[in-house]
Structures are given as C-alpha cells and as structure tokens.
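These notes are about the structure you will find just below.
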Number of protein chains: 2
Amino acid sequence: KTKKIAIYGKGGIGKSTIVSNIAAAYSKDHNVLVIGCDPKADTTRTLVGKRIPTILDIVKEKRDASPEDIVYQGFDEVQCVESGGPEPGVGCAGRGVIVAMGLLDKLGTFSDDLDVIIYDVLGDVVCGGFAVPLREDFADEVYIVTSGEYMALYAANNICKGVKKLKSNLGGIICNCRGIENEIEIVSEFAENIGSKVTGIIPRSKMVQQSEIDAKTVIEKFGDSKQADLYRELAESIYSNEDFVIPEPMDIDKFDQFFRK
Amino acid sequence: KTKKIAIYGKGGIGKSTIVSNIAAAYSKDHNVLVIGCDPKADTTRTLVGKRIPTILDIVKEKRDASPEDIVYQGFDEVQCVESGGPEPGVGCAGRGVIVAMGLLDKLGTFSDDLDVIIYDVLGDVVCGGFAVPLREDFADEVYIVTSGEYMALYAANNICKGVKKLKSNLGGIICNCRGIENEIEIVSEFAENIGSKVTGIIPRSKMVQQSEIDAKTVIEKFGDSKQADLYRELAESIYSNEDFVIPEPMDIDKFDQFFRK
Ligand SMILES: Nc1ncnc2c1ncn2[C@@H]1O[C@H](COP(=O)(O)OP(=O)(O)O)[C@@H](O)[C@H]1O
Ligand SMILES: Nc1ncnc2c1ncn2[C@@H]1O[C@H](COP(=O)(O)OP(=O)(O)O)[C@@H](O)[C@H]1O
Ligand code: SF4
Ligand SMILES: [Mg+2]
Ligand SMILES: [Mg+2]
C-alpha cells in the first residue's frame, strides 16, 4: 500500500531540504513521487537539478496537460511535481495546490505502483489549498519540521491545530536544528506536550548549502557523509513508524508559558 | 490628513517589534492607532502590557461590539486593536483581517482626529485578508521589513508583487538586521533592484528581548538608549517620506541570480 506522507512546517524551516533528501534515500529501493505544495516551488530543484515548471504555469499554457508535461524525473528516478502558486495579490496562495491535486487525481498519477508519495507543504497558514493534503486524504500521515526557535514552534503548534481540526494523523516532529541552546530538549518537550514524539534530529550542516548550490541533495553529493546517513535514518524512522496521534495543540497562554521557561 | 501605513514582511522578521516601537515613538506628539493583522495577534502586547482579545474573539461573544470592546489603550495612549485569525484548518487565515476592517469601518474607529494608523500585516502569503490593507485603501503606504536572509528577501520580493498587482505605494524597505555578512549591502541592493530604497536600518539588540519579556517596547523600557533613538529615527523617516513607487519585483531567476552573487 502506498505510503502517503505530508511534511509541514514554517516557511524557511527546512522542509524542502528534508523532503528532497528523504526522497533520495527512499529512491534506492522504492518508487517515489515528490509533490511540492509551497508557492516557492523549489522542493524538487535539488532532485531534478533545476527548477521545473509548476502545474499552474503548465495549465496556463496547455489546456490538456498530460503526465509527461507535469511529472519530471529526478535523481535516481524520483518523480517530481510542483504545484506552484498564483501571482501574489491574485486569489488564494493555496490555489496551486488545489489545481495540482485535482489534475494529478484526474491523470491517475497516484498509481498503485508508487511506494511513497511525499508532499512538501507551506505551514505558515493552514488554510485554503495548504489544508488540502490534510483534508482530502491525499496524505495519510503528517510530520512537522521545526527548530527550537519560538517562531518555528509557534507555527508547529498552529499546524497541530489544523491537523486536529481535520482529524489527520500526526506521525511525529522532525527537529531541523538551528543551533539554539538546549534545542533538542525544547523540541522534545514540545513534542511531548502535544502528545507526539521527535521522529528524527537533523543537525545544521554546511553540506546542505554546498549541495544546494549544485542543485543536488546531500544524498547525491555527499552520499558517504554522516549527514547523508542521518537523512537515511530519518527516512527509515518515518517509513517504519506506526504511532500516529491526533495532536493536542497548546492554547496561546500555555504555549507562551512553555516557551518562557 | 491621517497617515495610514502598512508594515509587511515574512513571519518572524520583526514587524511587531518595529510597529510597536515606532508607534511608541509617534505617540509623544501624535494620536496613533495600531491594528494587528497577523493571526499571531501579538503586535500590541508590548504596548498594552499583555495580549488583548482579538476582534474575532470578541464578535464570537458579543453580537454588537462597541469601540470600547475592541480598542485598548496602550503606552502613552496608543490605541490598540488585534484582528486575530480563525482556528487553523477552518476557513481563510486572513478572515480576521476582513472582519476587523469591516467592523472598524462601521464603528467609525478610523476617525479624522487620528494622526497615524499603522497596520502590522503577515506577509508570508499575500492573499485573502492579508491583501486587504493593500487593496481597499485602508493603508496609503507600505513598508516592507526584511533582513539579509534569502527567505526574508524572497518574501519581500513576493510582497512587492502583491503591492504592484494591487497598485499600492511602496514607501521603502526596512532592514531589521540578523547579523548576516554584508547584510546592509544585500538589502540596499535588493531595494535598488525593485526601484525602492532603504528607509531605515535597525540593528539586532538584546534590549528587544529584555523589553519583550516585560511586555514593553524598547522606547518604554530603554528610552534613552541608542536602540530607542534608532526606532525614533525610523519613525521620523517614515513620517517625512514623500517618495513612493509601484515596485518592480524580480522574477524568480533574476532573484536567485541576485542572491547567489
Ligand atoms: N540542516 C541544515 N543545515 C544547514 N542549512 C539548512 C539545513 N536545512 C535547511 N537549511 C537551509 O535553510 C534554508 C531553508 O531550507 P528549505 O528546505 O528551503 O526550507 P523550506 O522548504 O521549509 O522553506 C535553505 O537555504 C537551506 O539551505
Ligand atoms: N532588532 C532586533 N534585535 C533582536 N531581536 C529582535 C529584533 N527584532 C525582532 N527581534 C525578535 O525577533 C522575534 C520576532 O519579532 P516579531 O516582531 O515578533 O516578528 P513578526 O511580528 O514579524 O512576526 C521576536 O522574538 C523579537 O524579540
Ligand atoms: S485561504 Fe489562506 S492561502 Fe487562501 S486566501 Fe485565505 S489566507 Fe490566503
Ligand atoms: Mg521549501
Ligand atoms: Mg508579529
């Protein structure tokens, strides 16, 4: 049965880096499809080696888009799609995700011979198209990327409210470290507070920037490194995870108290 | 004539800190109204000394909200309002702004004896309620807060697309420094590239955290400091600014090129 995973988190927290690297890890033994659901449309850049056209761009040009138009082959045959976003100020920023989900569904891209589908979803607001992967069973499990910073945890808590509201399944919290003091304790305590756990910890590493400049994943450019092993480890933890919860988000006063101590 | 200013920027970039401090600076000689348009609803916390109820919270409880219910007095008589946001996963995150603008309009809160109205607006997505201050002439001038980081400048460029689309006036770019190498050059070059300028530069300072812990602005807690003077200087630059442009945002390839050099 196809594993359908949604990765949420605050903009800039490291979702695309994590999604592209775990996809590259899975690609060794699995058929993988990565779907970018962030208007930044750059999730798949390090898999394909360049930015690919978004579904929104493509349907503007072509009335009848085919799978070949929208699905690109990346590193180790990972299949790549970008939803895209409309021009700012013109309609809902999540519209790209809505159009993309509809089209992928219609074209039968979600075929059974896929082992893993990973959605990379903007998490600064949980509304409109950005709630679709939670809402419409496009994804069965959610992981939230955070650091130990207030802003990232605030967004994570907010995403939990959306996950709970839409009765989706939280698999765990991924700590993408920013080098904050006591970062892992803070993130672990946060995870515990909302009824979840830390699925994996990814340290800060210059290899991320170095591989990104070459439009590659760490798995591709530094495949023998410790950092690559940690992405493989995270991929494995996600794949074998069987604990899912409906999270218990904190109300704002409890959250502020939690962070201030 | 009332000066109506909207401050936009990526979540966590420092909008609320800047808005509350320039409001405190203006309050000495002007009647000021601050309107939080970020679902985080914490713009006015350092002016009032605590979190105030949001308009969305209040209209849920009271059918006929009066100005006394929604407008709170803060430091030096700055008037404070928070729009709030709906529960994540339930409707548009910008709905709080839409409801708030309608109610403030109906209640005549935008009276002529106000000298300055400042909107603090989430800028990660420029859609729904978050585009309202640009769209409906609630604000006449826009300033964008950024740092030298890719994510912040990407968001700033995105906001410029919204400002241009909605034919709003960009007054300038505010650099809230994060301590990046060559930060001021990067932000200045970005401003120049989009046809604007840097209106002010605010350095990173521990006084921000220290006053925030006391739910105060730097102006209130460290009124004689250099940091307080810089907020006053920024307030003055904004107040006396007469150059406005419709910005020329960069397309994604030009933006990536700009950042990579
Ligand atoms: N573990 C890490 N170590 C160092 N830099 C990182 C790490 N993870 C992400 N980054 C950097 O942070 C920035 C944002 O990451 P990205 O994956 O694009 O975030 P998102 O997709 O959540 O917006 C990128 O410039 C990336 O190079
Ligand atoms: N100039 C500064 N120096 C140090 N910390 C700052 C500065 N400006 C903002 N911060 C900190 O950054 C965080 C985010 O600022 P905030 O004003 O709440 O951002 P926004 O309103 O854009 O989400 C806060 O914790 C604040 O204390
Ligand atoms: S639903 Fe969310 S993404 Fe769509 S217009 Fe509203 S704020 Fe923007
Ligand atoms: Mg991304
Ligand atoms: Mg704020």
Side-chain angles (χ1 to χ4, degrees), chain A residues 8 10-14 38-42 45 50-51 54 57 84-95 122-132 134-135 149-152 154-155 157-168 209 212-213 215 249 251-253 255-256 260, chain B residues 8 10-14 38-42 45 50-51 54 57 84-95 122-132 134-135 149-152 154-155 157-168 209 212-213 215 249 251-253 255-256 260:
Chain A
Y8 275 79
K10 179 171 176 55
I13 194 61
D38 189 318
K40 270 198 278 167
D42 61 2
R45 178 180 167 275
K50 57 178 173 157
R51 278 176 165 275
T54 69
D57 292 335
E87 274 308 292
V90 182
C92 176
R95 188 166 75 79
L122 177 138
D124 299 284
V125 288
V126 190
C127 51
F130 306 118
V132 163
L134 299 177
R135 187 186 283 282
E149 298 161 299
Y150 181 90
M151 297 290 142
Y154 181 95
N157 192 55
N158 225 38
I159 292 159
C160 285
K161 292 184 181 186
V163 172
K164 178 180 183 186
K165 185 72 194 173
L166 300 172
K167 300 195 174 63
S168 199
Q209 275 73 41
E212 202 172 66
I213 284 176
D251 68 35
I252 187 61
D253 299 313
F255 179 81
D256 280 347
R260 293 197 194 290
Chain B
Y8 276 79
K10 179 171 176 56
I13 195 62
D38 189 318
K40 269 197 279 168
D42 60 1
R45 177 179 168 275
K50 56 176 172 153
R51 280 178 164 273
T54 69
D57 291 336
E87 273 309 291
V90 182
C92 177
R95 188 165 75 78
L122 176 138
D124 299 283
V125 290
V126 190
C127 50
F130 305 118
V132 163
L134 299 176
R135 188 187 282 284
E149 297 161 301
Y150 181 89
M151 295 291 142
Y154 181 95
N157 192 56
N158 225 38
I159 293 160
C160 284
K161 292 183 180 186
V163 172
K164 178 181 182 185
K165 184 72 194 171
L166 300 172
K167 301 194 175 59
S168 199
Q209 275 71 42
E212 202 172 67
I213 284 175
D251 68 36
I252 187 60
D253 299 312
F255 180 81
D256 280 348
R260 293 196 195 290

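A note on names: the letters A, B, ... follow the listed sequences, proteins ahead of strands, and every chain is numbered from 1. Values in this document were obtained by computation on a predicted structure and should not be read as measured data.
Contacts between B/Lys165 and chain A at a heavy-atom distance below 4.5 Å involve the side chain alone, from C-beta outward. Neither the backbone nor the side chain of B/Ile159 has a heavy atom closer than 4.5 Å to any heavy atom of chain A. Looking at B/Pro86, neither its backbone nor its side chain comes within 4.5 Å of chain A, counting heavy atoms on both sides.
For the set A/Arg45, A/Arg95, A/Glu149, the count of heavy-atom pairs under 4.5 angstrom toward chain B peaks at A/Arg45. Heavy-atom pairs under 4.5 Å with chain B peak, among A/Asn158, A/Val163, A/Leu134, A/Asp42, at A/Asn158. Among B/Gly11, B/Gly128, B/Gly94, the residue with the largest count of heavy-atom pairs under 4.5 Å with chain A is B/Gly11.
Summarising the geometry of A/Gly91 relative to B/Cys127, their closest heavy-atom pair is O-CB, 3.3 Å, with the distance given to 0.1 Å. Considering all non-hydrogen atoms of both residues, B/Lys10 and A/Gly12 come closest at NZ-N, 4.5 Å.
Remark: A/Asp38 engages no residue in a salt bridge (Lys or Arg N to Asp or Glu O under 4.0 Å) (not counting sequence neighbours). Among residues two or more places apart in sequence or in another chain, the salt bridge (Lys or Arg N to Asp or Glu O under 4.0 Å) test is passed with B/Asp57 by none.
Under 4.0 Å is where a charged nitrogen must lie from a carboxylate oxygen, and between A/Arg51 and B/Asp256 at least one such pair does.
Checked by atom type and distance alone, the side chain of A/Lys40 never pairs as donor or acceptor with a backbone atom of B/Tyr154 at under 3.5 Å. A donor-acceptor pair under 3.5 Å is formed between the side chain of B/Arg135 and the backbone N or O of A/Gly89.
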